[in-house]
Amino acid sequence: MPKTPSILVVDDQVDNLKMLFNTLKPDYRVRVANSGAEALAIVRQFEPPDLFLLDIMMPEMDGYTLCQRLKSIPGTHETPVIFLTARHRPEDEERGFEVGAVDYVTKPVNPRLVQARIKAQLALASQIKQARQALQASNSLVARVIRERDDQETQNALLAREIAEREQAEAALRASQARFARLTSELADRLFFFTNAPDGRLLYLSEGFTPLLGGASPEEAIGQCWRDLADWSPESRAKVAEEYWLWLSQGDDNLRFELSFRHPDGDWHQLEMHAYRIFDQERELELIEGIALDVTEQRAQDARLRTLMRAVERAPVSITVADAQGDILYVNPYFTQLSGYSSEEAIGKNSRFLQSGKQSQDFYRQMWATLERGETWRGELINQNKQGQLYWVESSISPVFDEQGVLRNYVAVKQDIKDRKELERIREDVERIMRHDLKAPLHPIVNLPELLLMDENLTAEQREDIELIRQSGRDMLDLIDLSLDLFKMESGQFCYSAKPVDLMHSVRTVCTFVAEPLSRKQLRLVLRHNGQALESAAASAPGAVMVAADGRLLLSMLGNLLTNAVEASPPGETICLDIRELGEADEAPPATQDRWMMRLNIREPSEMDPETHDRVLLDICNRGAVPAPMRERFFDKYCTHGKPNGTGLGTYSAKLMADTMGFRLSMSTSDAEDRTCIHLWMPASQQ
């Protein structure tokens with residue numbers, strides 16, 4: 001059987017290589033290279049081809065240089081070279097012939113013209129080769145007669161060389177077959193190769209056929225028609241009936257189509273088929289050869305992406321995708337509804353074009369610092385729409401990295417919170433109005449009893465009632481003033497001035513506030529001063545403990561903390577209030593400190609804060625561990641757990657007042673001891 005001629009195609013354009021490979025594959029053994037260096041490596045590694053098809057304009061090494069270097073390789077000096085190029089100047093063709101080319105084809109390439117030129121040059125080379133072989137045969141005959149006459153050993157050496165050359169060719173063939181076998185074996189779970197007659201009868205199948213179709217082995221399937229080897233979908237059968245036979249009748253070079261079938265596992269699978277024609281010279285028959293790829297997972301992923309895309313398109317939030325520089329690549333329809341910009345107007349612009357200028361550059365620097373750390377940034381933005389109107393959005397911006405950890409995109413999800421912001425504004429206005437307007441009616445309630453008490457004819461009972469009215473009015477006024485102060489603290493408008501306040505007296509006063517709930521829950525209150533237990537919380541202290549504070553804020557803060565401890569304590573337990581005056585000598589924990597507080601692992605103030613000297617520490621400890629969901633948010637606003645009527649403002653306002661006065665307030669809790677302790681560090685006052 002005549003050996004199929006081989007061709008080496010060299011071009012730096014992948015599309016050209018594919019077109020030439022598909023054009024020449026039915027008639028020749030084709031190798032391709034996309035650079036001069038790769039072509040030289042192929043020629044040195046494998047058997048030289050029968051013809052070179054070279055592109056002239058290639059980077060690093062052009063076709064002229066490559067032709068000269070190929071001609072210098074043994075065994076290729078007489079190999080015909082055809083140049084492919086877009087150059088049309090006569091001097092270009094002249095140079096091509098000077099370096100050894102036999103033909104010159106200009107681009108764009110006409111496949112039929114290339115085939116004709118190749119066929120002519122191979123025929124001419126074959127004739128030259130046959131003539132040379134005839135001459136060599138004649139010379140060999142003369143030489144053989146001479147050698148036989150002169151020395152039989154020379155003949156043996158020639159025979160041994162011929163055997164070695166044949167073994168080398170057979171080894172190259174085996175290596176090629178081994179490479180193909182490795183390819184089909186390594187990718188058996190993804191693809192298989194096939195050859196069949198035009199009537200559909202299978203002549204060859206690679207080992208990937210069985211795992212992909214889940215049926216017969218390749219040996220069992222050979223000889224059968226492909227239609228009988230799987231449960232093909234009706235659509236697939238109809239597609240093949242229409243496209244496959246149309247392809248055969250029209251004589252196109254290759255065909256690509258997809259087939260669906262029900263796998264024995266019960267699921268539907270998809271195959272992507274790539275087929276081309278070959279002429280089998282041994283059978284003298286045109287055959288169909290090709291490759292089948294399993295694209296089931298890829299099609300499933302495509303379906304998931306389509307579903308995700310539909311969800312994004314219909315989402316009631318603005319979704320944008322930007323590149324690593326912040327330039328917008330995609331916006332969903334809700335973005336247009338929210339901003340007024342169409343996708344055509346937004347895509348290509350930097351995300352900054354929505355900024356309103358109402359937020360500081362420091363705000364945006366912190367946002368980008370979060371994103372550059374690879375973290376998701378969450379916050380509220382004031383943007384400006386196309387009409388120039390401002391609108392609030394709650395934003396979540398996430399960086400997206402590829403498999404190598406390189407930043408590729410930013411995805412931003414923004415929700416319109418205009419209604420919520422309007423409600424917050426209305427609520428603040430209402431609260432501000434109520435705080436100020438409530439004070440006006442209280443002034444007569446506070447001042448009128450002063451005038452009434454001046455009447456000397458009042459009975460003791462009447463004076464007691466009037467005094468109650470006056471005190472209640474003052475208490476209400478204090479509550480309103482405190483509410484106003486908390487509002488100022490939140491908004492940063494509160495002006496704080498510290499004065500000497502007796503902490504022991506404030507604690508004793510607060511203890512009287514909780515007398516009723518203490519009695520109702522049968523709780524015991526223990527007060528310690530520098531490790532020494534006092535007889536009762538109401539007992540007189542051995543001396544004043546002066547701290548620098550605002551008396552009204554201190555009293556309110558302690559009341560909130562002690563009330564929280566009473567509410568959290570189980571009935572019948574003990575609440576401990578421990579006041580310690582810290583100085584340079586107070587580095588070790590007091591000897592009388594409770595064992596359970598030691599096991600709470602509470603560090604000494606000197607370990608926690610280098611400025612603890614000349615400070616006062618108050619610990620409020622009670623039974624009952626803070627629930628796990630509350631521990632990180634213990635001092636957050638509106639945060640409560642397990643209290644049906646809880647507002648979540650007690651500990652929040654205590655922390656707000658402590659921060660305002662420069663105190664340090666913290667909480668520690670222990671599940672093992674079922675205990676919680678509040679720690680309050682205050683600056684001592686010398687007066």
Side-chain angles (χ1 to χ4, degrees), residues 12-15 59 298 300-428 490-492 636-637:
D12 63 328
Q13 297 295 322
V14 175
D15 292 341
Q298 180 181 342
Q301 183 175 358
D302 292 343
R304 289 193 293 269
L305 288 175
R306 287 192 296 270
T307 301
L308 176 61
M309 196 61 192
R310 285 195 296 269
V312 170
E313 291 287 321
R314 299 176 183 178
V317 293
S318 168
I319 301 176
T320 60
V321 180
D323 61 18
Q325 288 71 45
D327 296 332
I328 296 176
L329 304 175
Y330 166 82
V331 297
N332 72 336
Y334 195 83
F335 169 88
T336 300
Q337 179 179 337
L338 188 60
S339 69
Y341 292 97
S342 66
S343 59
E344 293 78 10
E345 293 173 317
I347 291 175
K349 290 185 178 180
N350 193 277
S351 304
R352 291 189 296 269
F353 88 103
L354 294 171
Q355 292 182 7
S356 63
K358 299 298 183 180
Q359 289 167 303
S360 67
Q361 292 301 314
D362 184 62
F363 172 86
Y364 288 105
R365 278 194 294 269
Q366 293 180 14
M367 180 185 76
W368 281 108
T370 301
L371 295 173
E372 288 169 359
R373 292 195 301 270
E375 302 172 2
T376 296
W377 179 86
R378 295 179 177 85
E380 296 178 352
L381 294 172
I382 309 174
N383 285 345
Q384 185 173 359
N385 64 17
K386 187 177 180 179
Q387 292 73 35
Q389 299 169 335
L390 303 182
Y391 62 97
W392 280 90
V393 288
E394 187 173 62
S395 301
S396 175
I397 306 175
S398 300
V400 180
F401 300 88
D402 61 15
E403 293 80 359
Q404 287 73 41
V406 178
L407 176 66
R408 294 300 183 190
N409 300 101
Y410 292 102
V411 177
V413 179
K414 300 178 181 179
Q415 183 174 7
D416 184 7
I417 56 173
K418 176 181 64 178
D419 294 341
R420 191 179 81 191
K421 283 295 181 181
E422 182 65 18
L423 288 174
E424 290 178 358
R425 186 188 65 79
I426 293 173
R427 186 187 67 186
E428 290 176 0
E490 287 184 314
S491 59
D636 289 355
K637 193 174 185 179

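Residues Ser342 and Thr336 come closest through the heavy atom pair CA-OG1, 3.7 Å. Taking each heavy atom of Ile347 and Leu329 in turn, the nearest pair found is CD1-O, 3.7 Å. Contact detail for Ser339 and Gln387: the closest heavy-atom pair is O-OE1, 4.5 Å. Nearest heavy-atom pair, Ile328 versus Ala346, reported as atom, atom and distance to 0.1 Å: CB-O, 3.7 Å. Scanning all heavy atoms of the two residues, the minimum distance from Val400 to Val411 falls at CG2-CG2, 3.8 Å. Among all heavy-atom pairs drawn from Tyr410 and Asp323, the shortest one is CD1-O, 3.4 Å.
Between Ile382 and Trp392, some side-chain heavy-atom pair lies under the 4.5 Å cut-off. For the pair Ser343 and Phe335, the minimum side-chain heavy-atom distance is 4.5 Å or more. Inter-residue side-chain proximity for Ser318 and Val331 is flagged as unmet; no heavy-atom pair is nearer than 4.5 Å. Considering only heavy atoms from C-beta on, Ile397 stays 4.5 Å or farther from Trp368 through its side chain. Residues Pro59 and Asp12 are in side-chain contact: their nearest non-hydrogen atoms beyond the backbone lie under 4.5 Å apart.
Remark: Arg378 CZ to Met367 CE distance equals 14.0 Å, nearest 0.5 Å. Expressed to the nearest 0.5 Å, how far CZ of Arg365 lies from OG of Ser360 amounts to 7.5 Å. The structure places OG of Ser356 at 9.5 Å from OH of Tyr391, a figure rounded to the nearest 0.5 Å. The CG atom of Leu338 lies 8.5 Å from the NZ atom of Lys414; values are rounded to the nearest 0.5 Å. Once rounded to the nearest 0.5 Å, the distance linking CD1 of Ile417 with CD of Glu380 reads 4.0 Å.
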Contacts table for residues 308-317: side-chain donor-acceptor under 3.5 angstrom, sequence neighbours left out:
unit_1: Arg310; atom_1: NH2; unit_2: Thr307; atom_2: OG1; d: 3.3
unit_1: Glu313; atom_1: OE2; unit_2: Tyr330; atom_2: OH; d: 2.4

Under 3.5 Å, side-chain donor or acceptor atoms of residues 348-355 against the rest of the protein: list the pairs with distances, not counting sequence neighbours.
unit_1: Asn350; atom_1: OD1; unit_2: Arg352; atom_2: N; d: 3.1
unit_1: Asn350; atom_1: OD1; unit_2: Arg352; atom_2: NH1; d: 3.4
unit_1: Asn350; atom_1: ND2; unit_2: Gln325; atom_2: O; d: 3.1
unit_1: Asn350; atom_1: ND2; unit_2: Asp327; atom_2: OD1; d: 3.2
unit_1: Ser351; atom_1: OG; unit_2: Gly326; atom_2: O; d: 2.9

**Item:** Step-by-step side chain to side chain contact (heavy atoms under 4.5 Å, CB included) determination, Asp416 to Gln337
**Value:** CA-CA 10 Å; Asp416 184 7; Gln337 179 179 337; over 6 Å; no

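Listed by first and then second residue, the salt bridge (charged side-chain N to carboxylate O under 4.0 Å, His left out) pairs involving residues 387-411 are Glu394-Arg420, Asp402-Arg408 (not counting sequence neighbours).
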